[in-house]
Number of protein chains: 2
Amino acid sequence: MDDSNYVDLDEETLFLVSQTFKALSDPTRIRILNLLFNREFSVNEISEQLHLRQSTVSHQLRFLKNLRLVKFRREGTSIYYSHDDEHVLNVLNETIQHALHH
Amino acid sequence: MDDSNYVDLDEETLFLVSQTFKALSDPTRIRILNLLFNREFSVNEISEQLHLRQSTVSHQLRFLKNLRLVKFRREGTSIYYSHDDEHVLNVLNETIQHALHH
DNA sequence: TGTTTATATGAGTATATGTGCATATATGTA
DNA sequence: TACATATATGCACATATACTCATATAAACA
């Protein structure tokens with residue numbers, strides 16, 4: 001069989017890929033990203049919409065922010081978060097649709 | 001803004017999606033799936049190729065098997081594993097390529 | 001400046017996860 | 001049957017993770 005396309009993954013790539021999927025491996029983060037799919041929400045809005053503690057949302061947003069999966073803008077005392085990675089969001093959405101229809 | 005497409009995810013979908021990504025969130029499992037991309041390998045072959053303990057490979061294959069991401073066939077005393085989910089493998093490959101070229 | 005509102009963060013805790021060792025199981029062969 | 005080889009599995013342990021509470025930080029405004 002032809003396995004000439006096989007390339008051993010370097011450590012940096014492995015880390016980046018695993019971190020990306022780790023972001024999508026937690027139900028809370030999936031719910032947040034799914035909520036942000038269409039528009040931006042403030043931390044409080046996310047908290048209320050998903051029935052999560054403010055600190056829980058804030059912790060998870062930091063996680064997603066560090067991976068550059070979400071971006072934010074300040075408006076007064078509120079901070080509005082929105083998604084910031086088309087590729088990852090597409091992967092998530094595809095997999096959700098795949099799960100919903102199978 | 002239009003958020004009419006937003007649907008709260010049911011628990012079962014959330015679990016399935018998060019489990020799928022959890023499978024892809026570990027460097028060892030990523031390396032195994034990446035190895036199996038082109039052809040099947042026995043447990044020992046995987047172990048040798050990736051410099052992993054036999055038990056580690058076996059444990060992770062069980063994980064992947066439970067999620068139906070790999071399938072296997074017996075040949076004598078060896079068991080050959082191969083991938084069994086085109087969608088997940090595509091998602092993984094896309095994300096690896098994305099990471100390699102960015 | 002003091003107060004209110006919104007968000008971020010540190011510490012503690014319970015649980016989940018990944019790995020290795022030792023051993024069990026299963027197949028093949030003498 | 002006895003033994004060798006290949007794989008699976010139970011247990012123990014170290015580490016990672018997600019959540020909560022309490023508190024810190026930051027902006028708006030009286």
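Since this is a predicted model, take the numbers as computed values, not measurements. In what follows, chains are A, B, ... by sequence order, proteins preceding strands, each numbered from 1.
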Next on the checklist: Does D/dC19 have its OP1 or OP2 closer than 4.0 Å to a side-chain nitrogen or oxygen of A/Q60?
Outcome noted: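 Yes, A/Q60 has a side-chain N/O under 4.0 Å of OP1/OP2 on D/dC19.
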* Asked: Taking OP1 and OP2 of D/dA18, is either one under 4.0 Å from a side-chain nitrogen or oxygen of A/R29?
  ->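 So the side chain of A/R29 is within the cut-off, an N or O lying under 4.0 Å from OP1 or OP2 of D/dA18.
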Original post:
Between atom CZ of A/R31 and atom CG of A/L36, what is the distance when rounded to the nearest 0.5 Å?
Top reply: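 These two atoms lie 12.5 Å from each other.
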Choose from D/dA8, D/dG10, C/dT9 the nucleotide whose nearest atom is closest to any side-chain atom of B/K65.
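Minimum distance to the B/K65 side chain belongs to D/dA8.
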Compare the minimum distances between each of C/dG18, C/dT19, C/dA6 and the side chain of B/F63, then state the nucleotide with the smallest one.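 Nearest to the side chain of B/F63 among the choices is C/dG18.
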Starting at [atom1] of [X] and ending at [atom2] of [N], how long is that distance when rounded to a whole Å?
{"X": "A/L61", "N": "C/dT9", "atom1": "CG", "atom2": "P", "answer": "11 Å"}
{"X": "B/L67", "N": "C/dT17", "atom1": "CG", "atom2": "C1'", "answer": "14 Å"}
{"X": "B/N44", "N": "C/dA26", "atom1": "CG", "atom2": "C1'", "answer": "15 Å"}
{"X": "B/L50", "N": "C/dG18", "atom1": "CG", "atom2": "C1'", "answer": "16 Å"}
{"X": "A/K22", "N": "D/dA18", "atom1": "NZ", "atom2": "C1'", "answer": "13 Å"}
{"X": "A/E45", "N": "C/dA6", "atom1": "CD", "atom2": "C1'", "answer": "12 Å"}
{"X": "A/E48", "N": "C/dA6", "atom1": "CD", "atom2": "C1'", "answer": "11 Å"}
{"X": "A/D26", "N": "D/dA16", "atom1": "CG", "atom2": "P", "answer": "17 Å"}

What are the two closest non-hydrogen atoms of [X] and [Y], and how far apart are they?
{"X": "A/L92", "Y": "A/N34", "answer": "CD2-N, 4.5 Å"}
{"X": "B/F41", "Y": "B/E45", "answer": "CA-OE1, 3.3 Å"}
{"X": "A/R29", "Y": "A/S25", "answer": "NH2-OG, 4.2 Å"}

Short side-chain to backbone donor-acceptor contact, B/T56 and B/L52, under 3.5 Å:
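Between the backbone of B/L52 and the side chain of B/T56 there is no qualifying donor-acceptor contact (under 3.5 Å).
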Under 3.5 Å donor-acceptor, A/S18 side chain and A/L14 backbone: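 Here the side-chain-to-backbone pair exists.
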ask   = Residues two or more places apart in sequence or in another chain: which of them pass side chain to side chain donor-acceptor pair (under 3.5 Å) with A/T13?
value =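 Once residues adjacent in sequence are excluded, the partners of A/T13 under the side chain to side chain donor-acceptor pair (under 3.5 Å) criterion are A/D10.
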Report task. Would you verify whether the NZ or CZ of A/K71 falls within 45 degrees of the ring axis of A/Y81 while also being under 6.0 Å from that six-membered ring's centre? Result ->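 Not satisfied by the 6.0 Å and 45° rule.
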Exercise. Hey, are the side chains of B/D85 and B/R68 touching, using non-hydrogen atoms and a 4.5 Å cut-off?
Worked result: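 B/D85 does not reach B/R68 side chain to side chain.
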Q) Which of residues 68-83 of chain B sit near DNA chain C, with a heavy atom under 4.0 Å from it? A)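 Close to the strand are B/R74, B/G76, B/T77.
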Kindly give the atom pairs (protein nitrogen or oxygen, nucleotide nitrogen or oxygen) under 3.5 Å for nucleotides 20-24 of chain C.
from, atom 1, to, atom 2, distance (Å)
C/dG20, OP2, B/T56, OG1, 2.4
C/dG20, O6, B/H59, NE2, 2.9
C/dC21, OP2, B/R53, NH1, 3.2
C/dC21, N4, B/S55, OG, 3.4

